[in-house]
Every structure is written in C-alpha cells, then in structure tokens.
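Have a look at the structure below, then the notes.
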Amino acid sequence: MPDPSFAQRVIAWQRSYGRHDLPWQGTRDPYAIWVSEIMLQQTQVTTVIPYYQRFMARFPDIVSLAGAQEDAVLALWSGLGYYARARNLHAAAQAVVATHGGRFPQTFDAILALPGIGRSTAAAIAVFAFGQRRAILDGNVKRILARCFGVSGWPGLPAVEKQLWSLAESLLPDSGIEAYTQGLMDLGATICTRNRPACEACPLQPICHADRHRLTISLPTPRPDKTLPQKHTMLLLLWHGSEILLEKRPVHGIWGGLWSLPEAERGVDARQFVRRRFGLETELLPALPRFSHTFTHFRLHILPQPLRVSAKATLPPGCGALWLERAEALGAALPAPVRKLLATHDEGVSRSQTPALPGSRT
DNA sequence: AAGTCGGGGTA
DNA sequence: TACCCAGACTT
C-alpha cells in the first residue's frame with residue numbers, strides 16, 4: 001500500500017478524531033453555514049458558539065435577516081467585534097433576496113461577490129453547503145501548510161500567502177472534500193496549534209517538514225512586531241436618573257454603527273462640552289477608574305467621566321443621540337468596553353465593593 | 001503592499 | 001504582557 005497522501009491522511013484522521021457536533025455542522029443549509037463562517041472570521045469557536053445560537057434563534061433564515069433592522073442585527077453582534085461583518089451580513093442577505101429571489105447563490109463567483117465574503121469564506125461555504133471542490137486558506141490551514149511543507153516568512157506577506165494558496169489548491173482530494181476541509185480546520189484547532197502542538201497525535205507527522213527539522217515552534221514565521229500607537233479619550237456617562245445618553249457612531253471607523261457614550265478629548269471641560277454639544281446643564285461626578293482597551297492597531301486609554309444631568313432638555317431630532325434606561329441600553333448594540341462600564345456602574349456609583357473594571361490597570 | 005477593523009483565549 | 005484566531009475590505 002502506497003504512502004497515504006497529505007489529503008488522505010487528513011480525511012482519515014477527520015473521520016475518527018475530528019469535530020462532528022459543532023452547532024453549524026450536520027446541515028447543508030447554506031444560510032446556517034454562511035452565518036457560522038462569518039462569525040468565525042478572526043474569532044475562535046468557543047467564543048462564537050453562544051453568539052451563533054442566539055443569532056440563529058432570532059434570525060433562523062435569510063428572509064428574516066433581510067427584513068431585520070440593522071440595529072437588531074448589531075445588537076446580537078455586540079461583543080463579538082469586527083462589526084462590519086454584521087453590517088455586510090445584513091446587506092448580503094438583502095442582496096440575496098433582491099437579486100437571487102431569497103435563495104443563496106450556488107456558484108463560487110456569485111458567493112464571492114457578496115459583501116463580507118472573500119476567497120476563503122466563499123470556498124468554505126461552497127464546500128460545506130454544496131460539496132464543491134474548493135480550497136480554503138484560513139489561519140489553521142496556513143499554520144499546517146507552513147509547518148508541513150516548511151514555508152517560511154510571515155503569511156501576511158503577499159508573496160508567502162500566494163505560495164500558500166498555491167499549495168492549498170494543489171493538495172485538494174478528488175473526493176471527500178467536506179471531510180478534508182473540516183479535517184484541516186480541526187487539525188489546526190486541536191492538534192497543530194500555535195503553541196504546544198500535539199505532534200505525536202498528528203496524522204501528518206511522518207511527512208511534516210517542521211517536525212523533521214525541529215522547526216515546529218518557529219513556523220509559521222510570526223508577524224513582525226510593531227509598537228502600538230497610544231490614544232487617549234474621555235467617555236461621558238450622562239445620567240438622568242436611571243437613564244443614560246447614548247450616541248450612534250458613524251458607520252465607518254471604530255465601533256461603526258454601534259451605540260456608544262459621547263466621546264470627548266482628554267482634558268476638555270466635560271460640563272462645557274456637554275452644554276455646547278447637547279444643551280444640557282450637568283453636575284460633575286467623581287471620575288471612574290481609567291482603563292485601557294487594545295485594538296488591532298492602537299491602544300485606547302479611556303477615562304470614564306460620569307455627570308448628573310439636572311434638567312433633561314429635548315435632544316435635537318436626528319442628532320444621533322437618545323436617552324435609554326440602563327437596562328434598555330444593555331440590550332443595545334454597545335462596544336464591549338461600554339457594555340462593561342454600564343454593567344458595572346450606574347449614576348456614577350460603583351455597584352460593587354471592588355470595581356472590577358475592564359483591564360483597570362493602566 | 002500596507003492600513004483598517006474587536007474582542008477574547010492563552011501562555 | 002504579547003500573540004493569535006474558520007479574513008475582508010480600502011487605499
């Protein structure tokens with residue numbers, strides 16, 4: 001019997017040791033598979049599962065999603081991050097209803113044309129929903145290929161990524177594409193992990209270049225390190241009784257489309273800012289502990305500043321701001337740090353003896 | 001080719 | 001603390 005190929009090793013391993021009970025498995029419903037693939041972009045399985053369950057319960061099919069308010073979609077995405085994914089998902093659902101009669105497209109190019117779906121995600125949907133022979137290249141596959149075939153260089157570099165795509169395409173099996181694709185994901189998530197990979201349990205160990213040359217921990221080549229820029233801001237908690245003022249953020253930029261707290265530059269007079277911006281008279285309350293929030297490309301140092309609104313003036317219509325009861329606000333599409341702030345504090349008073357602020361170390 | 005876009009898991 | 005994760009999109 002000839003030495004099993006790369007693909008045959010992955011397929012055989014997947015059937016015995018792979019994951020078969022994830023919430024989005026055991027279906028060929030392209031909608032269910034699509035939603036899972038979008039949520040799983042840059043997000044780990046264990047984080048996605050509860051979000052996925054809630055989302056599918058609320059929007060069980062593409063028509064219900066297409067007919068939803070964007071705010072309702074974003075609210076279910078709150079805390080998951082990369083909110084453009086949710087806006088694109090919503091827009092794509094409406095596009096499918098408008099141009100495909102509500103039926104998810106079945107050709108690779110039509111899938112790829114939908115907003116939020118790139119080459120790898122389109123391939124994953126084509127494989128799992130329609131059994132098409134397509135190559136994926138996510139973080140798991142990049143790591144497996146870089147190690148097994150000794151591809152050095154940071155995979156974010158276009159030249160390296162091109163090489164990995166070429167490898168991925170060349171390794172596809174003639175049959176069993178679903179088990180193969182799922183097997184790569186499962187191998188990367190459970191065996192060929194970034195640190196402490198379980199090489200002794202890997203079906204690829206006999207043919208793995210990195211294992212033979214003791215390169216496993218150094219492949220794939222890590223991203224070149226760069227120091228994150230530091231930014232500072234002040235988030236205003238404007239309390240009127242148990243109501244708080246929320247402001248809708250612009251669609252583009254950080255926390256796009258979410259409901260956040262009014263934001264002022266560090267060091268400005270908060271009362272004056274609020275008077276000019278909203279026409280409100282306020283009383284300054286003691287500042288809350290500052291904390292920091294790290295994004296992909298910068299670190300934000302946040303000073304939470306509560307103020308008590310003495311008289312609730314009428315907000316200009318269409319100004320993008322509104323008053324919400326604290327409980328209502330917690331049901332809105334909030335950025336994670338704002339959610340944590342509102343969950344921990346009300347009217348400027350800590351709800352707990354020891355204020356457990358998000359990353360309260362500065 | 002480089003920058004933008006979150007949040008959490010993990011060591 | 002620092003890195004990575006079922007990446008896509010814009011410039």
Side-chain angles (χ1 to χ4, degrees), chain A residues 18-19 22-25 33-52 74 77-89 91-92 111-125 127-128 135-144 154-162 164-165 168 181-190 192-197 217 220-229 249-258 260 292-300 333-340 358-359 361-362:
Chain A
R19 300 174 293 188
L22 296 172
W24 43 86
Q25 292 182 307
I33 293 165
W34 172 38
V35 171
S36 74
E37 291 300 331
I38 299 302
M39 285 192 173
L40 286 162
Q41 289 172 357
Q42 299 295 292
T43 312
Q44 294 185 350
V45 166
T46 54
T47 303
V48 162
I49 287 176
Y51 285 88
Y52 179 80
L74 284 171
W77 213 272
S78 173
L80 203 49
Y82 285 116
Y83 300 98
R85 294 185 295 174
R87 294 196 309 273
N88 284 332
L89 189 70
I111 298 171
L112 183 60
L114 293 172
I117 300 182
R119 182 174 174 181
S120 187
T121 298
I125 296 171
V127 167
F128 293 131
I136 63 164
L137 188 64
D138 58 26
N140 289 318
V141 180
K142 287 176 181 173
R143 189 168 54 253
I144 292 168
W154 178 49
L157 290 174
V160 178
E161 188 175 14
K162 183 179 176 183
L164 292 171
W165 268 116
T181 305
Q182 187 65 49
L184 285 178
M185 294 172 169
D186 293 350
L187 260 184
T190 65
C192 193
T193 52
R194 188 172 69 91
N195 8 41
R196 304 186 39 157
I217 58 169
T221 307
R223 162 197 299 268
D225 58 339
K226 52 183 183 297
T227 58
L228 290 181
R249 296 187 62 90
V251 169
H252 299 288
I254 210 76
W255 298 333
L258 271 61
S260 187
S292 62
H293 186 77
T294 306
F295 296 85
T296 309
H297 47 299
F298 65 90
R299 172 167 304 193
L300 186 63
L334 307 175
V338 174
R339 178 172 300 285
K340 288 176 185 170
R361 298 183 304 271
T362 58

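What's counted below: heavy atoms across the whole structure, side chains too, no hydrogens, waters or symmetry copies. Labels below follow one simple rule: chain letters A, B, ... track the order of the sequence lines, proteins then strands, and each chain is numbered from 1.
- A donor-acceptor contact shorter than 3.5 Å links the side chain of A:T190 to the backbone of A:D186.
- For A:R87 and B:dC5, the CZ to C1' distance is 9 Å, given to the nearest whole Å.
- In this structure, A:N195 places its CG atom 9 Å from P of C:dC4, rounding to the nearest Å.
- Atom P of B:dA11 sits at a distance of 14 Å from the matching atom of C:dA6, rounded to the whole Å.
- Side-chain atoms of A:T47 do not come within 3.5 Å of backbone N or O of A:V45 as any donor-acceptor pair.
- Straight-line distance between the C1' atoms of C:dC4 and B:dC5: roughly 16 Å, to the nearest whole Å.
- For the pair A:R19 CZ and C:dA6 P, the computed distance is 8 Å after rounding to whole Å.
- The CG atom of A:L40 sits 12 Å away from the P atom of C:dA8 (whole-angstrom rounding).
- At the heavy-atom level, A:H293 lies under 4.0 Å from the strands shown only through sugar-phosphate atoms.
- Proximity of a side-chain donor or acceptor of A:R85 to a complementary backbone N or O of A:L80 within less than 3.5 Å is detected.
- Considering only side-chain atoms of A:A336, the nucleotide from B:dG7, C:dA6, B:dG9 that sits closest is B:dG7.
- Separating the CG atom of A:D138 from the P atom of C:dC4 is a distance of 15 Å, rounded to the nearest angstrom.
- Looking at heavy-atom distances under 4.0 Å, A:L137 makes no contact with the nucleic acid at all.
- At the heavy-atom level, A:T296 lies under 4.0 Å from base atoms of the strands shown.
- Using bins of under 30°, 30° to 60° and over 60° for the plane-to-plane angle, the ring pair A:Y52/A:W24 lands in the perpendicular bin.
- Heavy atoms of A:R339 sit nowhere under 4.0 angstrom from any nucleic acid atom.
- Going from atom CG of A:D225 over to atom P of C:dC4 covers 10 Å, rounded to whole Å.
- Where A:P222 and A:L112 meet DNA chain C, the nucleotide closest to each residue was compared, and A:P222 sits on the side nearer the 5' end.
- Contact annotation: A:W255 side-chain N/O to B:dG7 OP1/OP2 distance is under 4.0 Å.
- Across all strands shown, A:G188 has no heavy atoms under 4.0 Å from either base or sugar-phosphate atoms.
- Within the nucleic acid shown, A:L258 has no heavy atom closer than 4.0 Å to any nucleic acid atom.
- Across all strands, A:Y82 comes closer than 4.0 Å to base atoms (heavy-atom distances).
- Between A:S36 and A:P224, the residue anchored nearer the 5' end of DNA chain C, judged by the nucleotide with its closest heavy atom, is A:P224.
- As judged by a 4.0 angstrom heavy-atom cut-off over every strand, A:S120 is placed among residues touching the sugar-phosphate backbone only.
- OP1 or OP2 of C:dG7 has at least one side-chain nitrogen or oxygen of A:Q42 nearer than 4.0 Å.
- Interface remark: the A:T43 side chain does form a donor-acceptor pair with the B:dG6 base, using a distance-only criterion of under 3.5 Å.
- Looking at the side chain of A:P335, the nearest of the listed nucleotides B:dG7, B:dC5, C:dC9 is B:dG7.
- Between the A:S36 side chain and the A:I33 main chain, a donor and an acceptor come within less than 3.5 Å of each other.
- As judged by a 4.0 angstrom heavy-atom cut-off over every strand, A:R223 is placed among residues touching the sugar-phosphate backbone only.
- The phosphate of C:dA6 has OP1 or OP2 within less than 4.0 Å of a side-chain N or O from A:N140.
- Side-chain N/O atoms of A:T121 include one lying less than 4.0 angstrom from OP1 or OP2 on C:dA8.
- Nucleotides C:dT10 and B:dG7 are separated by 22 Å at their C1' atoms, to the nearest Å.
- Within the nucleic acid shown, A:I117 comes within 4.0 Å of sugar-phosphate atoms alone, with no base atom in reach, counting heavy atoms only.
- Of the two residues contacting DNA chain B, namely A:K226 and A:Q44, the nearest-nucleotide position lying further toward the 5' end is that of A:K226.
- Distance alone, capped at 3.5 Å, is enough to place a donor-acceptor pair between the A:R249 side chain and the A:I254 backbone.
- In this model, the phosphate group of B:dG8 is approached by a side-chain N or O of A:K340 to a distance below 4.0 Å at OP1 or OP2.
- When heavy atoms are screened at a 4.0 angstrom cut-off, A:W24 is found touching base atoms of the nucleic acid.
- Across B:dG9, C:dA6, B:dT4, the shortest atom-to-atom separation from the side chain of A:T47 is found for B:dG9.
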Working for side-chain hydrogen bond (donor to acceptor under 3.5 Å, both in side chains), residues A:R299 and A:S292: CA-CA 7 Å; A:R299 172 167 304 193; A:S292 62; 4.7 Å; no
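- A:R143 has a side-chain polar atom (N or O) that falls below the 4.0 Å cut-off from OP1 or OP2 of C:dC5.
- In this structure, A:F128 has its ring center at least 6.0 angstrom away from the ring center of A:W34.
- Remark: P of B:dT4 and OH of A:Y83 are 19 Å apart, rounded to the nearest angstrom.
- Residue A:Q182 is classed as a base contact, given a heavy-atom separation below 4.0 Å to a base.
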